[in-house]
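Let me begin by presenting the structure, written as structure tokens, before commenting on it.
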Amino acid sequence: MSLKFRVLCLHRESLNVADMDADTITHTEAPVEEGEPYFTSLDLFLFSLIVAYCCERNKKPPHSSVNGCMLFCAQGKNIIVFYGSQTGTAEEFANRLSKDAQRYGMKGMAADPEEYDMGELSRLSEIENSLAIFCMATYGEGDPTDNAQDFYDWLQENDDEDLSKLNYTVFALGNKTYEHYNAMGKYVDKRLAELGATRIFDLGLGDDDGNLEEDFVSWREQFWPAVCEHFGVEASGDESSIRQYELQEHTDINMNKVFTGEFSRLKSFEIQKPPFDSKNPFLAPVTVNRKLNKAGDRHLMHLELDITGSKIRYESGDHVAVFPTNDSALVNKLGQILGVDLDVVISLNNLDEESNKKHPFPCPTSYRTALTHYLDITHPPRTNVLYELAQYASDPKHQETLRKMASSSPEGKALYQNWVLDACRNILAILEDMPSLRPPIDHLCELLPRLQARYYSIASSSKVHPNSIHICAVVVEYTTKTGRLNKGVATNWLKNKLVTDNGHKSTVPMYIRKSQFRLPFKATSPVIMIGPGTGIAPFMGFIQERGWLKEQGKEVGETVLYFGCRHKNEDYIYQEELEEAEKNNVLTQLNVAFSRDQEHKIYVQHLLKNNKENIWKLVHSENAHIYICGDARNMAKDVQTALHEIAEELGGMTRTQATDYIKKLMTKGRYSQDVWS
């Protein structure tokens with residue numbers, strides 16, 4: 001009897017322990033029928049991808065101290081869904097598409113392009129009826145996500161690559177409020193076609209400013225029939241629930257082998273080892289947590305995280321990523337409503353033994369840990385979750401409602417928009433409002449998306465604070481249409497991070513994400529910073545850095561700030577620091593718009609127009625750099641319109657010329673935005 005072995009490549013880089021059982025990592029053997037080849041085409045394709053990847057990554061520092069890079073045999077799969085994901089949504093969509101493949105008589109898998117040498121992409125054509133799907137999110141100002149950066153670089157650098165036998169399609173995830181809407185998805189779609197690949201279905205464009213879920217579902221419903229037609233296959237018609245993981249309860253397990261919130265390496269929060277990144281965050285002690293606003297019904301806060309001894313380096317303008325946990329009250333309510341013991345230790349094991357993703361989150365762990373650290377329980381569930389849960393509603397009306405919301409009918413879409421999205425119903429609210437819906441908690445845990453890191457613009461300069469990272473944030477709290485009080489996961493968690501909690505130091509799991517939001521290389525270049533509210537965060541770092549340069553005896557150009565808040569006596573945050581910087585001539589101009597201190601609202605764009613001559617002189621004659629931070633939907637657009645109008649009026653331009661003028665500033669790196677929607 002011949003044997004087929006899974007391949008294990010001893011390499012330090014990419015072993016994700018979270019996707020394996022904690023106790024052992026073993027070679028496995030499985031009997032193979034006589035005459036069956038040792039490796040399928042896909043095995044060889046994946047083998048070549050990952051061997052090349054391992055060899056390349058050998059030059060880079062390891063993520064963890066664990067040795068090993070698991071290679072897997074994804075036997076018989078012909079649909080590979082690559083994802084470029086920053087917040088988890090693209091990965092979620094990729095998993096849904098790979099799961100869909102089964103309903104259409106195919107076999108799929110979701111794949112992180114960072115895990116492979118994408119230079120081997122052309123070899124996918126060796127697999128019969130193969131298709132590469134790309135779910136690509138755009139991050140920041142038209143940038144690829146972190147995990148798609150290498151793939152993006154490869155696409156740019158390889159003009160002679162022949163992808164003529166590759167079948168592909170792309171679904172792009174973006175937000176129309178941003179300047180470079182869906183830039184990454186559009187680029188991948190265009191570039192693959194340029195390299196000869198065959199687009200078998202039109203590029204899908206998802207808009208998170210509208211209804212991203214609806215955009216995806218609408219695209220997906222047309223996509224699969226096109227795939228079936230292209231390959232000459234028929235849908236199986238199986239619309240039943242397909243479980244991806246099976247439950248294993250651990251009644252007698254060494255608790256030292258149970259994950260308690262770590263993301264990759266077991267006990268990584270107890271024994272911290274650099275380098276620190278998204279899979280291995282640093283537990284930074286909180287040294288300062290103070291309320292910034294003097295009055296009003298909001299809570300604006302300033303936190304300082306100690307990174308002494310971590311070897312973490314950052315620059316002004318970078319982002320700090322923090323990993324929050326869910327409110328224990330919400331977790332307990334979920335346990336109560338489902339009638340389960342949350343402290344049971346479980347593993348959810350992939351039914352596809354050949355999959356590289358062994359578990360949906362680090363296992364073994366308890367339900368409590370999963371719902372607290374690993375799963376998003378506050379975001380309104382997507383339609384696929386409602387569809388899968390419908391079978392567990394004992395009331396036929398509840399079943400019908402859930403399935404209707406998951407359908408593509410106009411009525412179903414409107415109901416989902418109104419009842420779930422507009423009402424901000426999370427999974428707990430849905431369970432409360434549908435008393436007959438009581439799913440098994442293990443299936444619910446399988447369906448819920450992963451809880452993601454939150455990104456904040458760093459409010460300090462490493463020149464002044466090399467061992468400290470500052471965060472400026474506003475606590476999110478609002479009442480929904482159903483009368484429930486919804487609380488932002490990360491900001492409420494940060495608010496409660498007291499410097500000492502019962503004698504223990506509070507810590508925040510964090511890492512640094514590098515940014516392109518940078519001060520000019522020449523200190524003599526003038527800067528115009530526009531950041532109302534918490535949008536002032538990166539500019540606190542910029543101001544500190546310009547002050548430090550002056551102290552070093554460097555010549556520093558004009559440093560101009562446009563800040564805005566509601567009331568001078570309520571939420572003029574960092575007032576003392578800003579006025580001190582102005583007094584010391586670090587800030588050469590301090591312009592503050594108090595929007596609600598008078599009858600007519602005044603915003604930062606109004607102050608720009610009031611100071612148009614100075615703005616135009618700095619930008620047009622003195623090569624000033626413009627920086628904007630804050631709300632993308634309104635403020636950033638209004639500021640850009642004001643600058644267009646200034647260019648028209650003082651530059652004698654038409655609107656088209658003014659628009660082109662600002663775009664050229666962006667191209668030259670003199671107009672930078674750090675905005676959110």
Side-chain angles (χ1 to χ4, degrees), residues 284 286-296 298-307 314-320 456-475 491 494-495 497 499 515 517-520 523 526-552 554 556-595 597 603-604 607 611 625 627-630 635 674:
V286 177
T287 55
V288 174
N289 185 350
R290 63 184 172 94
K291 187 176 180 180
L292 287 169
N293 51 315
K294 305 177 189 76
R298 297 187 303 161
H299 184 102
L300 293 107
M301 56 190 173
H302 172 89
L303 285 91
E304 298 182 11
L305 309 180
D306 185 3
I307 55 170
Y314 75 96
E315 294 182 62
S316 302
D318 283 344
H319 298 138
V320 57
Y456 295 94
S457 303
I458 297 176
S460 54
S461 165
S462 59
K463 299 289 192 295
V464 181
H465 299 283
N467 293 314
S468 181
I469 286 171
H470 299 183
I471 294 174
C472 170
V474 58
V475 174
T491 55
L494 285 171
K495 177 186 175 183
K497 285 288 178 183
V499 175
S515 164
F517 202 71
R518 290 278 183 266
L519 278 168
V527 299
I528 301 169
M529 304 172 291
I530 306 160
T534 56
I536 196 174
F539 303 137
M540 295 306 297
F542 282 12
I543 292 164
Q544 289 172 15
E545 191 142 327
R546 302 279 270 195
W548 178 84
L549 287 167
K550 284 177 78 77
E551 287 177 4
Q552 305 303 306
K554 301 280 176 63
V556 177
E558 282 204 55
T559 306
V560 179
L561 175 67
Y562 285 84
F563 173 66
C565 60
R566 294 177 181 180
H567 302 283
K568 183 175 183 178
N569 295 326
E570 281 190 10
D571 54 354
Y572 184 0
I573 60 177
Y574 298 115
Q575 181 179 355
E576 294 79 10
E577 293 94 326
L578 295 175
E579 290 177 351
E580 182 71 15
E582 184 185 33
K583 178 182 166 186
N584 295 334
N585 207 35
V586 173
L587 266 180
T588 47
Q589 285 183 48
L590 173 58
N591 307 281
V592 186
F594 303 108
S595 63
D597 274 351
Y603 296 114
V604 285
L607 298 190
N611 297 338
H625 289 237
Y627 300 90
I628 299 165
C629 183
M635 182 276 298
D674 181 0

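- Contact of the Pro520 side chain with the Val527 side chain is registered, since non-hydrogen atoms from C-beta on lie closer than 4.5 Å.
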task: Begin with the C-alpha distance, continue with both residues' side-chain angles, and end with the deciding distance and a verdict on side chain to side chain contact (heavy atoms under 4.5 Å, CB included) for Ile573 and Phe563.
output: CA-CA 10 Å; Ile573 60 177; Phe563 173 66; 3.7 Å; yes
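- Of the N and O atoms on the side chains of Gln552 and Lys463, not one donor lies less than 3.5 Å from an acceptor on the other residue.
- Across all their heavy atoms, Pro532 and Met635 have their closest contact at CG-CG, 3.7 Å.
- The shortest distance between side-chain heavy atoms of Val556 and Val586 does not fall below 4.5 Å.
- The nearest pair of heavy atoms linking Phe517 to Cys629 is CZ-CB, 4.5 Å.
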Step-by-step side chain to side chain contact (heavy atoms under 4.5 Å, CB included) determination, Glu577 to Met540: CA-CA 9 Å; Glu577 293 94 326; Met540 295 306 297; 4.0 Å; yes
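- The nearest pair of heavy atoms linking Asn569 to Lys294 is O-CB, 3.7 Å.
- If you take CD1 on Ile471 and CD1 on Ile458, they are separated by 8.0 Å, rounding to the nearest 0.5 Å.
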- request: Apply ring pair (Phe, Tyr, Trp, His ring centres under 6.0 Å) to the pair Tyr574 and His302, showing each step before the final yes or no.
  value: CA-CA 9 Å; Tyr574 298 115; His302 172 89; 5.6 Å; yes
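- Checked by atom type and distance alone, the side chain of Ser457 never pairs as donor or acceptor with a backbone atom of Pro538 at under 3.5 Å.
- Summarising the local packing, NZ of Lys568 is surrounded by 12 or fewer heavy atoms from other residues, nucleotides or ligands at distances under 6.0 Å.
- A side-chain donor-acceptor contact under 3.5 Å links Tyr627 to the backbone of Arg518.
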- prompt: Does the side chain to side chain contact (heavy atoms under 4.5 Å, CB included) test come out yes or no for Leu590 and Glu579, once each step is laid out?
  reply: CA-CA 8 Å; Leu590 173 58; Glu579 290 177 351; 4.3 Å; yes
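- By the 4.5 Å heavy-atom criterion applied to side chains, Glu570 and Asn293 are not counted as neighbours.
- Across all non-hydrogen atoms, the minimal contact from Gly317 to Phe542 is N-CE1, 4.0 Å.
- Put simply, OG on Ser468 and CD1 on Ile307 are 7.5 Å apart, with the number rounded to the nearest 0.5 Å.
- Across every non-hydrogen atom of Cys472 and Ala537, the tightest pair is CB-CB, 4.1 Å.
- Between the side chain of Asn289 and the backbone N or O of Leu303, no donor-acceptor pair lies under 3.5 Å.
- Although no hydrogens or angles enter the test, the distance criterion places no donor-acceptor pair under 3.5 Å between the side chain of Ser462 and the main chain of Glu315.
- Checking side-chain atoms of Gln544 against main-chain N and O of Val464 turns up no donor-acceptor pair under 3.5 Å.
- Of the inter-residue distances, the one linking Leu300 atom CG with Arg290 atom CZ reads 11.5 Å to the nearest 0.5 angstrom.
- For the atom pair Tyr456 OH and Leu305 CG, the distance stands at 11.0 Å (nearest 0.5 Å).
- If you take CG on Leu561 and CD on Glu582, they are separated by 9.5 Å, rounding to the nearest 0.5 Å.
- The side-chain heavy atoms of Phe539 and Leu578, taken from C-beta on, include no pair separated by under 4.5 Å.
- Arg566 places a side-chain heavy atom less than 4.5 Å from the side chain of Arg298.
- In this structure, Met529 and Leu587 have side chains that are in contact, with non-hydrogen atoms separated by less than 4.5 Å.
- In this structure, His465 and Tyr314 have side chains that are in contact, with non-hydrogen atoms separated by less than 4.5 Å.
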message: Working note: Val499 + Val288, criterion side chain to side chain contact (heavy atoms under 4.5 Å, CB included); need CA distance, chi angles, decisive distance, verdict.
response: CA-CA 6 Å; Val499 175; Val288 174; 5.5 Å; no
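- Counting only heavy atoms from C-beta outward, the side chains of Thr491 and Met301 approach each other to under 4.5 Å.
- Note that the OG1 atom of Thr287 and the CG atom of Asn467 stand 10.5 Å from one another [nearest 0.5 Å].
- Around atom NZ of Lys554, no more than 12 heavy atoms belonging to other residues, nucleotides or ligands sit under 6.0 Å away.
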